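The chain is numbered in sequence order, starting from 1. Everything quoted here is computed from the prediction, not taken from an experiment.
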Amino acid sequence: MKKKANMKIAIPVMIGILALVIILKGFGLLTFRSGIRLGFVGNDGIHKFSGSYAKISGTMTHNISPSKDSTTIHCEITTKSGSVHVLITQKADDKVVLDKEFSGDEKFDLTAEGTVKVKLSTEEHQGSYSFEY
């Protein structure tokens, strides 16, 4: 009897959690990661995606949206060792805004329209990144 009652509660709770994850991902409030992160401190928000770390390997994907009527993404990459590949695409039309490998320090601005998807692919990268829209 108790198992049936627990299942009646567990199934709606799991469906609710899955729905919440899908909604948060749709609004760009979740970052999906795979790989190794050592000493990682990050800030993932609607308008900002940043992190500083001792070393990371793998991929991270996050959606950022413009604040007010912004069309400029401010980007900063700091590299102490390793490399990081950055791919930024506009969500509305899949237009590639940036597709570049970084192995040094760079600060630059990019022009974009609407929500963008930032994908970082790293190979034993030590340093930091920041994308603010």
* **Shortest non-hydrogen separation from Cys75 to Asp109 and the atoms involved** => N-OD1, 4.4 Å
* Structure fact -> For Ala112 and Val97, the nearest pair of non-hydrogen atoms, with its separation, is CB-CG2, 4.2 Å
* Residue pair Ser65 / Thr115, side-chain donor-acceptor N/O under 3.5 Å -> yes
Measure the spacing between [atom1] of [X] and [atom2] of [Y] and express it to the nearest 0.5 Å.
| X | Y | atom1 | atom2 | answer |
| --- | --- | --- | --- | --- |
| Asn43 | His62 | CG | NE2 | 8.5 Å |
| Glu101 | Ile77 | CD | CD1 | 10.5 Å |
| Glu123 | Thr59 | CD | OG1 | 11.5 Å |
| Ser50 | Glu132 | OG | CD | 8.0 Å |
| His85 | Asp99 | NE2 | CG | 4.0 Å |
| Ser67 | Lys48 | OG | NZ | 11.5 Å |

Does some side-chain heavy atom of [Y] sit less than 4.5 Å from a side-chain heavy atom of [X]?
| X | Y | result |
| --- | --- | --- |
| Ser128 | Glu76 | no |
| Ile64 | His47 | no |
| Tyr133 | Phe49 | no |
| Val86 | Phe131 | yes |

* Asked: Is there a donor-acceptor contact under 3.5 Å from the side chain of His125 to the main chain of Gly58?
  -> no
same_hphob_cluster([X], [Y]) at 4.5 Å side-chain heavy-atom cutoff:
| X | Y | value |
| --- | --- | --- |
| Tyr129 | Val41 | no |
| Ile73 | Val96 | no |
| Leu98 | Leu87 | no |

* side chain to side chain contact (heavy atoms under 4.5 Å, CB included) partner of Phe102, chosen from Thr122, Thr78, Val84, Leu120 -> Val84
* Asked: With a cut-off of 6.0 Å (strictly less than), are more than 12 heavy atoms of other residues, nucleotides or ligands near CD of Glu113?
  -> no
